[in-house]
Amino acid sequence: MEFEPLDQFLQRRKKLSEIESLGHSPYPHRFDYTHTPRQITEQFASRTAEELTAERATVRTAGRIVALRPHGKAAFAHLAGDGGRLQIYIRLDVVGEQAFKLFQLLDLGDIIGVSGELFRTKTAELTVRVEKIGLLTKALLPLPEKWHGLADVEMRYRRRYLDLIVNERAREIFLRRAQIVRELRRFFDERGYAEVETPMMHPILGGATARPFVTHHNTFDMDLYLRIAPELYLKRLVVGGLDRVYEINRNFRNEGIDAIHQPEFTMLEFYQAYSNSLDLMDLTEELFRGLAEKVCGGTKIKYGENELDFGRFERLSMRDAICKFWPAAAGAAPNAAEMAQSGGPRGVAERYNAYAHSSSAEPIAAVEKRTDGELTGELFEVIAEGHLTQPTFIYDFPTGISPLSKQKPDDPSLTERFELFIAGMEIANGFSELNDPVDQERRFRAQVEKGGQDMPKEVDIDYIRALSHGLPPTAGEGIGIDRLVMLLTDSHAIREVILFPLLRGADAPDAAPPDAAEGPK
RNA sequence: GGGCCGGUAGCUCAAUGGUAGAGCAGCUGACUCUUAAUCAGCGGGUUGUAGGUUCGAGUCCUACCCGGCUCACCA
């Protein structure tokens, strides 16, 4: 296989065979090093030129050549490794003719190992005076352009390896993502949770409302859904006596793609027996505050134009949020009592639509067909959601849009459910789990009857059976990890925090998918 | 899926409807403290694809492909 840019690819292959004919392997098997390039720049950062000369510190290190400045019988280069950049200086009279010949056959992108003493150049840059040099891996393709780097966003996602080599920020985002996931595990492990893995292929859809991906198992000749949520399996485990469980894994939803949606995304779900939704709000605050401190060094974090304060979470009922953010141009704001009345949300929605029609705002569709609960949820989304920049729990979700949540003892129209919003994004969703099997079956059947693309087609009878064995009072929550990583890395597109986000087409932009991939219409 | 914007050398970008260009990267040569190294020279293009208008299209029109933003669905 040959790749573009072909002239450079062929040129490098020619150099590779010259290197081989000099007796060097272009792909040796291992290399012992004393430091990574980053360790050297960090460890010797404060040494003066005189100290280095006196110390005669010898290092052995390896990295990718990311800059090359030859000067005839000498040369400077920079090696990148472990997130650091280290200058090396190579001279013909130090390394000898053989080694210098090898060096002259090296290109940007090659991975080499060097050893030598550290010194400072006359511009005071810490530098290895190379005594020995060896090729560790020949690169047949060049690095991205050095001034602009890899700017093409599509290329950055499709060839993430290049993005990671060239863009420091990409590297930082994904290392921080790893750190966040590590901290999440530590947090739950410390509190007695067991990490579990439940099926990603589900015979019955459940645990959320979303359009699924469908796949097929050949031996069983069985259609399966890629899971849209692990929820129903995790609660089965709580029935089974695993009182505290969590899972960090992918969910798949066959829906739109935009700055905060990808078809496969990572979700943390956790369940805690003998607790309710209020306990989880407290736990969530503790989790987020600790994460911000650990990962960002403080509870106040920069997110675009905003400073988000993870030290203080607001709490607002959904009805109050609608009243609070009611647009001034839409006339008198509703009050909580009006929102609570039967038919109240409908009246409010009609008022909102009257305003929406006279402005550029999007009206709420099909008001007459929706229930009060659905309209409350709609009103919240169009009126309040965008205003929730600082961390805010919205609680008291209508029962009609919360099929898995337990109702409030004093108001069955509402459930003990909350969602956490930060920077206008929904980050978490938690509730006291409905554990009455009769009520749960009734709500499932109502969903199936309602129909629609993103509604379950059948009731998960085994889940009802599990509840019939007794689910202790339990609270559960899901946290969108990708969006959490966005917040903690000041990233504004979910694709920036997913290593290989889904893009249209099979391979590179220059390799258009064949027509056969279209399939029958 | 709708709307808007974009696609020119490997990369970043130029080019009134009239001979497709620059910088970087690459190649050749010079150069033993450079760091966007420098200096001299050389090669590199089906202007996203397919049609159309025109004496003439990178430029205008149509369709399609790919991307970005945005709206809708959703977390």
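Lettering of chains follows the sequences in order, A, B, ..., and the numbering in each one begins at 1. Please read all numbers here as calculations on a predicted model, not as lab measurements.
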message: With a cut-off of less than 4.0 Å, is there a side-chain N or O of A:R158 near OP1 or OP2 of B:G67?
response: yes

query: Pairs in or reaching into residues 377-396 of chain A: which pass ring pair (Phe, Tyr, Trp, His ring centres under 6.0 Å), with residues at least two apart or in two chains?
result: A:F313-A:F393, A:F325-A:H387, A:F380-A:F421, A:F393-A:F418

task: Take the protein atom CD of A:Q104 and the nucleotide atom P of B:C31, then report the distance between them rounded to whole Å.
output: 11 Å

Whole-Å gap separating P (B:C11) and CG (A:L141): 12 Å

message: How many whole angstroms separate atom OH of A:Y157 from atom P of B:C66?
response: 18 Å

task: Kindly say if A:R69 contacts the phosphate of B:U34, meaning a side-chain N or O under 4.0 Å from OP1 or OP2.
output: no

task: Using the P atom as the reference point in each nucleotide, state the distance between B:G52 and B:C24 in Å, no decimals.
output: 41 Å

query: So what does A:E381 touch, heavy atoms closer than 4.0 Å: a base, only the sugar-phosphate, or nothing?
result: nothing

task: Please measure how far the P atom in B:U16 lies from the corresponding atom in B:G6, and state the result in whole Å.
output: 15 Å

- request: Could you give the distance separating B:U28 and B:U19 at their C1' atoms, to the nearest angstrom?
  value: 29 Å

query: Which residue lies toward the 5' end of RNA chain B, A:R120 or A:V153, if each is placed at its nearest nucleotide?
result: A:R120

task: Work out which heavy atom in A:R495 is nearest to a heavy atom in A:P501; give both atom names and the distance.
output: CG-CB, 3.4 Å

- request: Could you give the distance separating B:A9 and B:A15 at their C1' atoms, to the nearest angstrom?
  value: 14 Å

statement: Under a 4.0 Å heavy-atom criterion, the protein footprint on nucleotides 22-28 of chain B, written with B, S and -, is -BBBSS-

statement: Stems of at least 3 consecutive Watson-Crick or G-U wobble pairs (donor-acceptor distances under 3.5 Å) involving RNA chain B, listed by first number, are B:1-7 with B:65-71, B:10-13 with B:21-24, B:26-30 with B:38-42, B:48-52 with B:60-64

task: Tell me yes or no: between the side chains of A:E314 and A:T392, is some donor less than 3.5 Å from an acceptor?
output: no

query: Atom CZ of A:F100 to atom C1' of B:C31: distance rounded to whole Å?
result: 11 Å

message: As a test of understanding, state which of A:E42, A:E117, A:E55 forms a salt bridge (Lys or Arg N to Asp or Glu O under 4.0 Å) with A:R47.
response: A:E55

field: Electrostatic pair A:R315-A:E285, nearest N-O below 4.0 angstrom
entry: yes

A:R176 side chain to A:T489 side chain, donor-acceptor N/O pair below 3.5 angstrom: no

- line: Checking B:A75, B:G68, B:U32 against the side chain of A:H71 (C-beta onward), the nearest is B:U32

Rounded interatomic separation in angstrom, taking CD from A:E419 and P from B:A75: 8 Å

- prompt: Hey, does A:R211 reach any base, or is it just sugar-phosphate, or nothing, if we go heavy atoms under 4.0 Å?
  reply: nothing

- request: Report which part of the nucleic acid A:T209 touches: base, sugar-phosphate, or nothing (heavy-atom distance under 4.0 Å, all strands).
  value: sugar-phosphate

query: With rounding to whole Å, what would you report as the distance between B:G48 and B:C11 at their P atoms?
result: 13 Å

- request: Inspect the contact between A:E231 and A:K235 and indicate whether a charged nitrogen and a carboxylate oxygen are less than 4.0 angstrom apart.
  value: yes

message: What is the separation between atom CZ on A:R159 and atom P on B:G67, rounded to the nearest whole Å?
response: 14 Å

task: Provide the distance between the two C1' atoms, one in B:U8 and one in B:C4, to the nearest whole Å.
output: 22 Å

task: For A:T198, enumerate each residue passing the side chain to side chain donor-acceptor pair (under 3.5 Å) test, keeping only those at least two apart in sequence or located in another chain.
output: A:R227, A:E247

message: Classify A:G480 by what it touches in the nucleic acid, base, sugar-phosphate, or nothing, heavy-atom distance under 4.0 Å.
response: nothing

- line: Rounded to whole Å, the CD1-P distance (A:I422 to B:A75) equals 17 Å

- request: Remember a base hit wins even if backbone is also touched, and classify A:F252 as base, sugar-phosphate or nothing at under 4.0 Å, heavy atoms.
  value: nothing

field: A:L162 CG to A:M155 CE distance, which is reported to the nearest 0.5 Å
entry: 8.0 Å

query: With nearest nucleotides of RNA chain B determined for A:A493 and A:A208 from heavy-atom distances, which residue corresponds to the more 5′ nucleotide?
result: A:A493

Atom C1', compared across B:G17 and B:A37: separation rounded to whole Å: 43 Å

message: Just to verify, what does A:R129 make a salt bridge (Lys or Arg N to Asp or Glu O under 4.0 Å) with, not counting sequence neighbours?
response: none

message: Please report the distance, rounded to the nearest Å, between CZ in A:R156 and C1' in B:G68.
response: 13 Å

query: Side chain of A:E125: nearest nucleotide among B:C73, B:U34, B:A75?
result: B:U34

statement: So CD1 of A:I228 and OG1 of A:T209: to nearest 0.5 Å the spacing works out to 7.0 Å

message: Base of B:C73, side chain of A:D258 - is there a donor-acceptor contact under 3.5 Å?
response: yes

query: Are A:R156 and A:E496 close enough for a salt bridge, meaning some N to O gap below 4.0 Å?
result: yes

- prompt: Under 4.0 Å: is that the gap between some side-chain N or O of A:R495 and OP1 or OP2 of B:C69?
  reply: yes

query: What distance separates A:L86 CG from A:T127 OG1, expressed to the nearest 0.5 Å?
result: 7.0 Å

task: With P as the reference atom in both, quote the distance from B:G44 to B:U62 in angstrom, rounded to an integer.
output: 36 Å

message: Quick check on contacts: within residues 73-96 of chain A, what sits under 4.0 Å from RNA chain B by heavy-atom distance?
response: A:K73, A:A74, A:F76, A:H78, A:Q87, A:Y89, A:R91, A:D93

message: I need the A:I112 CD1 to A:I90 CD1 distance, nearest 0.5 Å.
response: 7.0 Å

